[in-house]
Novice: 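Can you keep this structure in mind? I'll have questions shortly.
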Amino acid sequence: MYICRIYYKTILMEELSSKYNPALTEDKWYEYWLQHKFFHSEPDSRPSYTIVIPPPNVTGILHMGHVLNETIQDVLIRHARMSGFNACWVPGTDHASIATEAKVVGRLAGMGIRKRDLTREEFLKYAWEWKEEHGGIILEQLKKLGCSCDWDRTAFTMDSPRSESVMRVFVDLYDKGLIYRGLRMVNWDPKAQTVLSTEEVVYRDEKSKLYYLRYYVADADVNPVVPTGEEGEVLHIDGQGRYYAVVATTRPETIMGDTAMCINPKDPKNQWLRGHKVTVPLVGRVIPVIEDRYVDIEFGTGCLKVTPAHDVNDYNLGKIHNLETIDIFNPDGTLSEAAGMYVGRDRMDVRKQIALDLDNAALLEKIEDYDNKVGYSERNQDTAVEPRLCKQWFLKMQHFADIALPPVLEGKIQFHPTKYVTTYRNWLENIQDWCISRQLWWGHRIPAWFLPTAEGEEEKFVVALNVEEALAKARKIKGYENIEAEALSRDEDALDTWFSSWLWPVSLFGGINNPGNEEIRYYYPTSDLVTGPDIIFFLVARMIMGGEEYMKDVPFSNVYFTGIVRDKLGRKMSKQLGNSPDPLKLIAQYGADAVRMGMLLCSSAGNDVLYDDSQVEQGRNFCGKIWNAFRLIDLWNVDEGKVQDEASAVAVKWFESKLNETVATVEDHFRKFRISDALMAVYKLFWDDFCAWYLEAVKPAYGEGIDKTTLARTKEFFEALLKLIHPVMPFITEELWQKLAPRKDGDTIMLQSYPIAGDSDKELIADFEAATSLVAAVRNIRQQKNISPREPLVLKVEGSALKDVEAVVRKLAGISELVRVDSVNYDEAGSSILVGTIKAFVPLGNLINVEEELKKAEADLLYYNGFLESVRLKLGNEKFVCGAPEKVVATERKKESDALATIAALQQTIASLKALK
RNA sequence: GGGAGCUUAGCUCAGUCGGUUCAGAGCGUCUGCCCUACAAGCAGAGGGUCGGGGGUUCGAGUCCCUCAGCUCCCACCA
């Protein structure tokens, strides 16, 4: 029988490699989980715990930022699933209109096809082809990471339920008067040739030039220039006695659109220009000098050229002063016919050219270096955004700000970390209307149909779910009673991508198309949203708006903001720098568990993550540790006749307490979304407490078996540890859980219940900790004195200290004889140990170096004397004794008495050491 | 220009209500070990005037003021 067992074990040992190989387990278990539909959720009697994925771009690929976000979501989901919740993590992708359309346009360009040569239908065919080819790659990558998404629910922001939701919402908001069409100064992306919302424009500091241009006074013959002679007056006269104004501009290429020059009425420098007209340089157009307090007297020369078509401020000035608006740009950023000059050339080229031409015409005073901010499309960082006046669709935002602010301020939605509440509030309190139309084809086409109108007549349109409804609505309009469908023309524009993702938590469960259905009632509101702070306005705020508007309730209770993943030098990860590792390669190299742990180790909520491979290595090492711990336990044979020894009994009692204590800590961390702290607590529990102390304490001597009780308890502990680790490292924990005991098909660790904290014996934990310090002290003596760990030592311990855990000390410190003494006998040669208030002594005979021991003891004495002094200073202070809580005073008194005892012992040691000299 | 945040060990960071021997953790470093679970490991050790200054308090890493440095967000000064 015994031989059989050994034989059996040998076979097993061969199967159980000495190193953990993630490649052999990960795909296997993921497949198993999928087969058994463990990720799938249906409404039932359990409470729901729901996360909707912030949908990544459909054609995107996994980067380190995703790894961080998705790992956190999976940890939360797996933890909830094991904690009795019906966990549902809904995956999906975003159609990302601008980004995807740009990619499709790029691909077509490679094929020699221009978008403008295609019809909308033709273009969309290509776009869908692209989506089918590249779409969803990222979802497959999430599977490699181990994400337990409910794949049966995979959605796409442009699939038909989501599209229908968007259409319904658009019509509804229009009917409520919240969507309007208006002529506004908007941000135009000349490359993508679409407008952008204010949020989609990112400003970059740029070194640019400030051009000082001459605007000659045009009406001097009929309206002579009269210097005022005021102090501070600045006149410009050229060699021929002609007066001119100097205008500073960063954009000389816009002078063709100038329709006025503006000065501050209070500016003494430019008083003489009042009431005059000036000539736009090169262009020759005569424009009035207007006055407005808007102009900064200190900037440049105090003269501002006003180009109402191409600058927001100028546009506003134009409105106030009734100025003409000359749009000199084509949609692609080239100069239009209206410019009259440089027609067809790119605005940036014209800027360079016009500077030369102005200089040649002696109209350029000077050029200065100037730092300013230039807006770029968030999606396209190489083409500057152009302010442009055009007619677009807008969503009135004040109403949404009003409904979205209270839940966050009142704490119905909690932000982690809380600092983002301020950011959120600030944005909502200064909200601007949301420009929701985009001049793109890839996206939800705006459900508005224009009616034929006479030349010059104001546009007429109807908003409806489909053309039939549109026709019905149109026919109700006076004069259009007999209109046919063919006469209606649908708006060409699409909606902003975020106009679909803001509905995501509602639309995923049919809350828009089928309000009040079973799923939306069960899953909504969802639990947590995990995302980066960069999309707090784009996504988080708007989801709250959408939820409040359509469900009259918050979309989620918690928002966990992750930081940005940077390299270890603190730089953002970017393709240009090449500092972004490919997550899939990392997974192949280290295993998904290691990558997940590596990401979590360094990520406290809201802080940027400085990623370094060493963290993933640490994750891999942890896998190795878990693996080997299992190998050890697996190796042990039960010795049926053996009775549990004292060291094992104590260790079992202690670890049980320690486990319970840590489980409570972990639960607390989870409640506070301190995921990396939870992980670290489990990591230390496993590595330090379980492996370094517990396993060593119960480990049978070489060649011996283990008693039945201890092995059973050890396996229990190991299983509890696997469960604790599982949310973070799903694969290795499943692998070992399956090996730990016989399992049936369909068994899985991911559906076991997460450990719940039981009672823990605080006193025992404290004693055990003291014992480990004592053991360390003995080991330290061994190292210093070069005594082998196998050479038995005698340990004298004063009083009955650590009696409960004595057996452990004996075993782990290699103590052959542990003697209890009333008072340590310092007459013999040895090394004294002081652990807290515990005094111990290791007799060493001639191994001892008296001089060294003396030095050590004297240093200790010095420290304790100083310590005693500071404690007594406190206790001597009447205000402290009266003012501080009793508990604090009591600890100080205990410190005093402990210090006194310690000092006495040290003095005794020193005396006896001196006697030995 | 407005707002938020950060500064604690070589690195990355915890430090909750102002009070335990509270100055911590992980990684790295140093020293000694291949001892049949694990060298991707074991054992042990060293390391900090808590950014500077001031204040409140019996007591400050923690609260207040101030200075310095860094980061991020928002904003229409050409």
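Lettering follows sequence order; numbering is per chain, from 1.
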Novice: Going by modelled atom types, is there a donor-acceptor pair between the base of B:U12 and the side chain of A:Q615 at under 3.5 Å?
Specialist: no
Novice: Does B:C22 fall in syn (glycosidic angle within 90° of 0) or anti?
Specialist: anti
Novice: For the pair A:W627 (side chain) and A:S17 (backbone), establish whether a donor and an acceptor sit closer than 3.5 Å, ignoring hydrogens and angles.
Specialist: yes
Novice: Please state how far atom NZ in A:K305 lies from atom P in B:A78, giving the value in whole angstrom units.
Specialist: 13 Å
Novice: Which is true for A:Y864 with a 4.0 Å heavy-atom rule: it touches a base, it touches only sugar-phosphate, or it touches nothing?
Specialist: base
Novice: State whether A:Y590 places a side-chain N or O below 4.0 Å from either non-bridging phosphate oxygen (OP1 or OP2) of B:A40.
Specialist: no
Novice: May I ask you to verify if any side-chain N or O of A:R674 is less than 4.0 angstrom from the OP1 or OP2 atom of B:G15?
Specialist: yes
Novice: Report yes or no: does A:R596 contribute a side-chain atom to a donor-acceptor pair with the main-chain N or O of A:M729 at less than 3.5 Å?
Specialist: no
Novice: Could you note down all residue pairs passing salt bridge (Lys or Arg N to Asp or Glu O under 4.0 Å) where residues 291-304 of chain A supplies at least one of them, sequence neighbours left out?
Specialist: A:R274-A:E291
Novice: Rounding to a whole Å, what distance do you find between A:N780:CG and B:U31:P?
Specialist: 16 Å
Novice: With sequence neighbours excluded, tell me which residues meet ring pair (Phe, Tyr, Trp, His ring centres under 6.0 Å) with A:W427.
Specialist: A:F537
Novice: Can you name the salt bridge (charged side-chain N to carboxylate O under 4.0 Å, His left out) partners of A:K699, sequence neighbours left out?
Specialist: A:E696
Novice: Identify, with sequence neighbours excluded, every residue that meets side-chain hydrogen bond (donor to acceptor under 3.5 Å, both in side chains) alongside A:K894.
Specialist: A:D898
Novice: From the list B:G19, B:C38, B:C35, which nucleotide is the closest neighbour of the side chain of A:R631?
Specialist: B:C38
Novice: Nearest to the side chain of A:T249, heavy atoms from C-beta on, is which of B:U20, B:A78, B:A37?
Specialist: B:A78
Novice: Across the strands shown, which category fits A:C882 at heavy-atom distances under 4.0 angstrom: base, sugar-phosphate, nothing?
Specialist: nothing
Novice: Given atom NZ of A:K625 and atom C1' of B:C42, what is their separation to the nearest angstrom?
Specialist: 7 Å
Novice: B:C77 C1' sits how many Å from A:Y294 OH, rounded?
Specialist: 5 Å
Novice: Can you check side chain to side chain contact (heavy atoms under 4.5 Å, CB included) on A:I626 and A:L736, steps first, answer last?
Specialist: CA-CA 9 Å; A:I626 299 169; A:L736 293 181; 3.5 Å; yes
Novice: Which value, in whole Å, describes the distance between the C1' atoms of nucleotides B:G28 and B:A40?
Specialist: 15 Å
Novice: Return the set of residues passing salt bridge (charged side-chain N to carboxylate O under 4.0 Å, His left out) with A:R779 (not counting sequence neighbours), or none when no residue passes.
Specialist: none
Novice: With sugar-phosphate meaning primed atoms plus P, OP1 and OP2, does A:P789 contact a base, only sugar-phosphate, or nothing at under 4.0 Å between heavy atoms?
Specialist: nothing
Novice: Across the strands shown, which category fits A:L610 at heavy-atom distances under 4.0 angstrom: base, sugar-phosphate, nothing?
Specialist: sugar-phosphate
Novice: Quick one: does any side-chain atom of A:T259 pair with a main-chain N or O of A:L323 as donor and acceptor, under 3.5 Å?
Specialist: no
Novice: Is a donor-acceptor pair below 3.5 Å formed from side chain A:Q432 to base B:A75, judging by atom type as modelled?
Specialist: no
Novice: For A:E696, answer base if it contacts any base atom (sugar-phosphate contacts may also be present), sugar-phosphate if it contacts only those atoms, and nothing otherwise; contact means non-hydrogen atoms under 4.0 Å.
Specialist: base
Novice: Take the angle between the ring planes of A:F717 and A:Y694 and call it parallel below 30°, perpendicular above 60°, tilted in between.
Specialist: perpendicular
Novice: Just the atom pairs and distances: protein N or O near nucleotides 22-30 of chain B's N or O, under 3.5 Å.
Specialist:
unit_1, atom_1, unit_2, atom_2, d
B:A25, O2', A:K684, NZ, 3.2
B:G26, O3', A:Q618, NE2, 3.4
B:G26, O2', A:Q618, OE1, 3.4
B:G26, O2', A:Q618, NE2, 2.9
B:C27, OP1, A:Y683, OH, 3.3

Novice: Side chain of A:N621 only, heavy atoms from C-beta on: which candidate in B:C72, B:A40, B:A78 is closest?
Specialist: B:A40
Novice: When we call it a touch if two heavy atoms are under 4.0 Å apart, what does A:V295 touch: a base, just sugar-phosphate, or nothing?
Specialist: base
Novice: If the sugar-phosphate is the primed atoms plus P, OP1 and OP2 and the base is the rest, what is the B/S/- string for nucleotides 1-6 of chain B, using protein heavy atoms under 4.0 Å?
Specialist: --SSS-
Novice: Is A:R251 touching bases, backbone alone, or none of the nucleic acid, heavy atoms closer than 4.0 Å?
Specialist: nothing
Novice: With rounding to whole Å, what would you report as the distance between B:G47 and B:C65 at their P atoms?
Specialist: 36 Å
Novice: Distance-only, no hydrogens or angles: does the A:R782 side chain make a donor-acceptor pair with backbone N or O of A:G814 under 3.5 Å?
Specialist: yes
Novice: Taking only residues two or more places apart in sequence or in another chain, which ones pass salt bridge (charged side-chain N to carboxylate O under 4.0 Å, His left out) with A:R351?
Specialist: A:E253
Novice: Given the rule that a pair is Watson-Crick or G-U wobble with both distances under 3.5 Å, how would you write RNA chain B in dot-bracket, using | for pairs to a different strand?
Specialist: (((((((..((((.....[....)))).(((((.......))))).....(((((..]....))))))))))))....
Novice: Do any N or O atoms from the side chain of A:K366 and from the backbone of A:Y212 form a donor-acceptor pair under 3.5 angstrom?
Specialist: no
Novice: Round to a whole Å and report the spacing from CG of A:N316 to P of B:C77.
Specialist: 13 Å
Novice: When you measure from the side chain of A:N579 to the backbone N and O of A:K572, does any donor-acceptor pair fall under 3.5 Å?
Specialist: yes
Novice: Just to be sure I understand the rule, does A:A692 reach a base, reach only the sugar-phosphate, or reach nothing, if contact means heavy atoms closer than 4.0 Å?
Specialist: sugar-phosphate
Novice: Using a cut-off of strictly less than 4.0 Å, decide whether A:K699 has a side-chain nitrogen or oxygen near OP1 or OP2 of B:A37.
Specialist: yes
Novice: Using the salt bridge (charged side-chain N to carboxylate O under 4.0 Å, His left out) criterion, which residues pair with A:R566? Sequence neighbours excluded.
Specialist: A:D608
Novice: Once you apply a heavy-atom cut-off of 4.0 Å, does A:K672 come out as touching a base, just sugar-phosphate, or nothing?
Specialist: base
Novice: Quickly work out the A:R872 CZ to B:C58 C1' distance and round it to whole Å.
Specialist: 19 Å
Novice: From OH of A:Y694 over to C1' of B:C38, roughly how many Å is that when rounded to an integer?
Specialist: 18 Å
Novice: Contact class for A:D296 vs. all strands (heavy atom < 4.0 Å): base, sugar-phosphate, or nothing?
Specialist: base
Novice: Are the charged groups of A:K684 and A:D688 less than 4.0 angstrom apart, N to O?
Specialist: no
Novice: Between A:V609 and A:R566, name the one whose nearest nucleotide on RNA chain B is closer to the 5' end.
Specialist: A:V609
Novice: Can you tell me how far P of B:G32 sits from CZ of A:R782, to the nearest Å?
Specialist: 19 Å
Novice: Respond yes when some side-chain nitrogen or oxygen of A:R620 is under 4.0 Å from OP1 or OP2 of B:A40, and no when none is.
Specialist: no
Novice: For residues 198-208 of chain A, which residues have at least one heavy atom under 4.0 Å from RNA chain B?
Specialist: none
Novice: Indicate, with a heavy-atom threshold strictly under 4.0 Å, whether A:A776 touches base, sugar-phosphate, or nothing.
Specialist: sugar-phosphate
Novice: Of the candidate nucleotides B:C35, B:C72, B:A37, which contains the atom at the shortest distance from the side chain of A:L695?
Specialist: B:A37
Novice: Starting at the 5' end of RNA chain B and moving along, which residue's nearest nucleotide shows up first, A:F867 or A:Y370?
Specialist: A:F867
Novice: Please name all residues satisfying side-chain hydrogen bond (donor to acceptor under 3.5 Å, both in side chains) with A:K672, sequence neighbours left out, ordered by chain then number.
Specialist: A:D668
